[in-house]
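I have placed the structure first, in the form of structure tokens, so that the comments after it can refer back to it.
In listed order, ligands and their atoms are each counted from 1.
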Amino acid sequence: MTGETDTETVAADLRRRLARQLEEDGRLHSPQWRAALEAVPRHRFVPRFYRESHAPGVTAWKPVTPETVGEEEWLRLVYTDETWVTQFDGRGIDWAAPEVISNATPTSSSTLPSLVVRMLEDLDVQDGMNVLEIGTGTGYSTALMCHRLGSENVTSVETDEGVSRRAGHALTGSGHTPHLVVGDGRTGHPGGAPYDRLIATCGFRNIPPAWLSQVRPGGVILTTLRGWMRSLGLAKLIVAGDTASGWFSEDGPSFMIARQQDAPESLGVVPGPDDGTARRAVRGPDLLTRSGPAFMAQLAAPDARFFSTAVGGDPVSTFLLDSVTGSFAVLAPTDGGWQVRQGGTRRLWDAIESAVATWEEYGSPNTSAFGVTVSRDRQAVWLGNPHGPQWTLPS
Ligand SMILES: C[S@@+](CC[C@H](N)C(=O)[O-])C[C@H]1O[C@@H](n2cnc3c(N)ncnc32)[C@H](O)[C@@H]1O
């Protein structure tokens, strides 16, 4: 490519191709969102980014810029259906001399376009609606909404000032002027309320109460819920005054957790070999890694995390530690089965085994059988219907 005009021409062509591909794959349905996808120049929102390199055993990210991979390859990658990471550990990147990054956690990114448009379609917007976005990130999804609804109808909150500033430049540069707010999205933005729709592109452990008072009755909240072990998936709630209720989607997309809700750095105190009360476990630790049971484990032990290790020459045990109450469960192999030792105020393994048994009684359904109801004093995920088995979300 030789100049800016060429870049813009190639980019426009790549956008059309991406939109066509998503439509053919059944991941883009509406002409309005197709028009937005074809119009918004994603390369202005991710002029530089990181891609995961798939070396065995290590997770590393490599910088992708016109300088590191060549302009043609950079542009081609920008318009693939991938999430591109733009920040790690909340720190700025030295783009003058970008290095390969490992041992770091992504903290901002441009979400893969198919997931962005799928959520935007789920949001059921109509002309003239007023939308609050939580997690501006690169500003790409904000720009799609501005194209569809007009900048005056879009407010977007980002917790990281530098990230918000860069998004602001990219948005202005592509002709959009939404209301950008720097702050914790859990407080929403009362100044622009009431909103017809709220969409969050980072994951939350529960529904922030402020959202209920800022979304009008009948309005929609679309967000991923997640815990410290895994994502619970995408929930779509309809607001009814002081309460909101709705269902999870069938698949479980996952977003990075809201910064203020990240797990404490320390997993907690590891119990000694004689701590706790022992019993034979009905289930083994594989529950924690198999999709359906792991979803139930996340619901039943919302403040816990686990790791497996061999202590003092013993076989590998799995330690489940609740960093809020200090409760624990340790699973160790015994006589062809498992023994569990539990201690603290929460019997973690009892709760997990019971939740998994309930899920099996209901036919081991996927996440679309679950819903969530939120009121001022309680938030619960239920199975089957709002009066079915319930698990309280952490407050
Ligand atoms: C996956 S990225 C957003 C993707 C973005 N919508 C896009 O299209 O580029 C998630 C963003 O949420 C932001 N974030 C994390 N916690 C937040 C919070 N409590 N309030 C607002 N933004 C938050 C992160 O800094 C990050 O930029």
Phe370: which of Phe248, Phe295, Trp382 passes ring pair (Phe, Tyr, Trp, His ring centres under 6.0 Å):
Phe295

Please test Asp322 against Arg305 for salt bridge (Lys or Arg N to Asp or Glu O under 4.0 Å), starting from the C-alpha separation and ending with a verdict.
CA-CA 7 Å; Asp322 180 320; Arg305 283 171 290 166; over 6 Å; no

Arg76/Glu72 ion pair, N-O < 4.0 Å:
no

So, does Arg186 sit close enough to ligand 1 that a heavy atom of it is under 4.0 Å from the ligand?
no

Closer than 4.0 angstrom, basic N to acidic O: yes or no for Arg34 and Glu23?
yes

Of all the heavy atoms in Gly183, does at least one lie under 4.0 Å from an atom in ligand 1?
yes

Quick one: which of Ile199, Val182, Thr136 has a heavy atom closest to atom 5 (C) of ligand 1?
Thr136

Judged by heavy atoms only, the candidate from Arg166, Glu158, Gln260 nearest atom 25 (O) of ligand 1 is Glu158

Closer than 4.0 angstrom: is that true for some heavy atom of Gln87 and an atom of ligand 1?
no

Carboxylate-amine/guanidinium contact Arg165 Glu158, below 4.0 Å
no

Going by distance only, is there an N or O of Val163 that falls short of 3.5 Å from an N or O of ligand 1?
no

Supply the atom-to-atom distance Gln32 CD to Leu144 CG, rounded to the nearest 0.5 angstrom.
13.0 Å

Give a yes/no on ligand 1: does Val157 have at least one heavy atom closer than 4.0 angstrom to it?
yes

Under-4.0 Å heavy-atom contact with ligand 1, by part of Thr142 that carries it:
neither

